[in-house]
Each structure stands twice: as structure tokens, then as C-alpha cells.
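Worksheet: the structure to be examined is printed underneath.
Whatever order the structure lists ligands and atoms in, that order sets their numbers, starting from 1.
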Amino acid sequence: MENGAAPTAPAVIVAIDGPSGTGKSSTSKAVAAQLGLSYLDTGAQYRAITWWMVTNGIDTDDPHEIAAAAGKPEIVSGTDPAAPTITVDGTDVAGPIRTQEVTAKVSAVSAVPEVRTRITELQRTIAAGAPLGIVVEGRDIGTTVLPDADLKIFLTASAEARAARRSGELKGADVNVTREALIKRDAADSSRKTSPLAKADDAVEVDTTDLTLEQVIECVVTLVEEKRAEK
Ligand code: DC
């Protein structure tokens with residue numbers, strides 16, 4: 001090359017959607033790290049805005065109150081897959097966004113159109129600024145946020161497998177309680193009016209029920225490499 005710089009692969013945009021407990025986060029982070037891409041956890045952004053609403057006394061049962069406040073918090077996501085970060089108005093909220101209270105309220109907050117417009121804009125800006133490309137995980141990435149993504153993956157798994165994985169993450173939480181909570185949240189996320197959890201028509205569906213995390217990562221890495229080779 002003229003200036004001696006290493007040849008660079010064209011930026012690749014990967015959308016990974018699916019319900020909770022399908023291995024989206026672990027897979028997305030590992031794929032991004034392995035391929036030198038940025039990584040964005042969009043669920044963390046919805047959790048962050050929910051955390052801000054709860055902390056600031058917004059009634060999360062009132063969509064009008066949520067809509068009126070949707071533009072207030074400044075949410076910043078760090079996109080290094082080895083150390084993703086999330087701050088709200090400069091405060092590190094990586095821990096507080098994982099509490100039961102936020103988890104219980106995030107579906108209601110993320111169903112409000114003003115919240116989705118705000119967060120979707122943020123997501124598109126981050127994706128457009130990723131130099132080598134990005135893996136973006138969520139619920140509506142392939143359908144709404146990045147409909148022109150180079151590769152769309154939709155991860156699924158049985159409710160039993162998803163609950164077992166989440167209980168493991170929550171260090172021994174009751175599997176049946178976790179299963180009911182997951183089913184309830186997925187139903188809310190799938191049935192909301194604005195950009196619900198859905199598989200894009202052109203997404204590749206991967207059922208992870210009987211696969212190890214390593215197998216899922218390998219499968220997605222192969223699919224991304226194929227797309228890159230086509231570009
Ligand atoms: O991935 P997660 O469990 O951290 O996501 C938390 C919630 O955020 C999820 O229940 C629905 C919402 N969400 C969304 O509405 N759209 C996205 N793209 C990502 C998450």
C-alpha cells in the first residue's frame with residue numbers, strides 16, 4: 001500500500017436479535033472481540049434510561065411522564081467488546097442497571113415511542129462511527145435500527161434453556177421464577193406496538209438450545225467472515 005498502512009477490511013455491520021437468555025450478549029461480545037469489531041449492547045441503553053427514570057422519581061406506569069422525560073438523560077456507551085461501559089450523565093451505571101427493579105420496569109419504559117426514537121438515533125450514530133464495523137445486539141436491530149445490516153442473526157432457545165442460563169447468571173436464582181419472569185418480559189417486548197422483538201425476514205435463525213456458547217460463536221464468526229469476503 002502507498003503509505004505502508006495495513007490493508008483494512010470494509011466495515012461490517014452485524015445485527016444480533018432475540019429474546020433474553022439466548023446467549024446474545026456473550027455471543028456478540030466474543031464475535032466482536034474475535035473479529036476486531038466494536039460492540040453495542042442496546043438492552044443496556046434501555047436499562048440505563050429506565051434506571052434514570054426510576055432514580056428521578058418518574059412514574060414508570062405513566063407513558064406520558066416517561067415520554068416527557070425521554071430526552072433528558074445523556075447516555076454514553078463504550079463499545080470495546082473487552083470492556084463495554086455505560087454511563088448516564090457521567091455516572092457509571094453498569095451495576096445498577098442489572099437490578100431486579102430495573103429489569104421489572106424496562107419493558108414498560110422501552111415500549112414508549114419517544115424513548116425508542118431517542119435510543120434508536122443514538123444506536124445509529126454509534127454504528128455509523130465504528131471504523132471496522134460493529135456487532136449490535138438487541139430486539140429490533142435487524143428490523144428497525146439497522147435494516148441494511150450486512151448480516152442479521154436471530155438467536156432463539158427453549159424457555160427452559162433460557163431460564164436455566166439466566167438463573168446461572170443470577171447465581172442460583174430459582175429457575176421457575178426466572179422462567180416466568182423471562183416469559184412475561186418476552187411477551188411484553190414482542191407485543192408492544194413500536195418496533196417489537198421480531199425476526200427480520202432476511203435474518204439467519206440460530207436455535208442455541210442444544211449448542212454450547214463456543215459453537216454459537218463459531219457459527220456466527222463463520223457467517224460474518226463469509227459476508228466480509230463478499231464485500
Ligand atoms: O437485553 P436486555 O435483557 O438487557 O434488554 C432489556 C430490555 O430492553 C428488554 O426487556 C427490552 C428492551 N430492549 C428493547 O426494547 N430493544 C432493544 N433493542 C434492546 C432491548
Side-chain angles (χ1 to χ4, degrees), residues 13-29 32 39-54 60 63 66-67 70 73 75 77 79 81 84-86 88 93-127 134-147 149 152-157 159 161-163 165-170 173 178-200 203 208:
I13 305 280
V14 182
I16 302 191
D17 291 299
S20 331
T22 49
K24 272 197 319 282
S25 291
S26 309
T27 303
S28 303
K29 264 187 276 192
Y39 160 74
L40 179 62
D41 174 359
T42 64
Q45 296 176 309
Y46 285 103
R47 287 172 178 272
I49 199 164
T50 302
W51 173 85
W52 184 91
M53 300 274 168
V54 170
T60 54
I66 294 172
I75 296 165
S77 301
T79 57
T85 56
I86 180 112
V88 179
V93 293
I97 63 169
R98 305 284 163 194
T99 60
Q100 291 239 347
E101 187 182 18
V102 169
T103 302
K105 293 180 169 167
V106 65
S107 290
V109 172
S110 58
V112 174
E114 286 79 358
V115 169
R116 299 209 73 80
T117 303
R118 172 101 204 282
I119 301 289
T120 297
E121 231 166 70
L122 204 57
Q123 291 160 355
R124 288 181 177 148
T125 305
I126 292 169
I134 190 165
V135 179
V136 184
E137 61 144 308
R139 304 290 191 290
D140 63 335
I141 310 306
T143 54
T144 306
V145 179
L146 302 167
K152 300 177 186 178
I153 307 281
F154 195 78
L155 295 184
T156 61
R162 299 191 292 114
R165 289 171 190 165
R166 267 295 145 95
S167 295
E169 280 167 20
L170 299 173
T178 306
R179 183 174 177 277
E180 292 316 306
L182 272 185
I183 290 172
K184 197 172 152 204
R185 192 147 63 91
D186 290 341
D189 295 339
S190 305
S191 62
R192 66 169 175 243
K193 278 205 189 112
T194 313
S195 58
L197 161 65
K199 176 182 171 295
T208 69

Subject >> Asp41 with Arg98: basic N within carboxylate O range, under 4.0 Å >> reply: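 Arg98 and Asp41: salt-bridged.
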Original post:
Residues two or more places apart in sequence or in another chain: which of them pass salt bridge (charged side-chain N to carboxylate O under 4.0 Å, His left out) with Arg124?
Top reply: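 Partners of Arg124 under the salt bridge (charged side-chain N to carboxylate O under 4.0 Å, His left out) test: none.
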Original post:
Excluding sequence neighbours, so at least two apart, what forms side chain to side chain donor-acceptor pair (under 3.5 Å) with Arg165?
Top reply: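 With sequence neighbours excluded, Arg165 shows a side chain to side chain donor-acceptor pair (under 3.5 Å) to Thr208, given in chain and number order.
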Subject >> Those residues that, when tested against Thr50, pass side chain to side chain donor-acceptor pair (under 3.5 Å) (two or more places apart) >> reply: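 In terms of side chain to side chain donor-acceptor pair (under 3.5 Å), with neighbours along the sequence ignored, Thr50 is linked to no residue.
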Original post:
Can you check whether Pro147's main-chain N or O pairs, donor with acceptor, with Lys152's side chain at less than 3.5 Å?
Top reply: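 Checking the backbone N and O of Pro147 against the side chain of Lys152, a donor-acceptor pair under 3.5 Å is found.
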**OP:** Enter the distance from Arg116:CZ to Thr194:OG1 here, rounded to the nearest 0.5 Å.
**Re:**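 It comes to 7.5 Å.
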**OP:** Could you please provide the protein residues found below 4.0 Å of ligand 1 on a heavy-atom basis, arranged by chain and number?
**Re:**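 Answer by chain and number: Thr42, Gly43, Tyr46, Arg47, Arg98, Val106, Ser107, Ser110, Arg116, Gly138, Arg139, Asp140, Ile141, Arg185, Asp189, Arg192.
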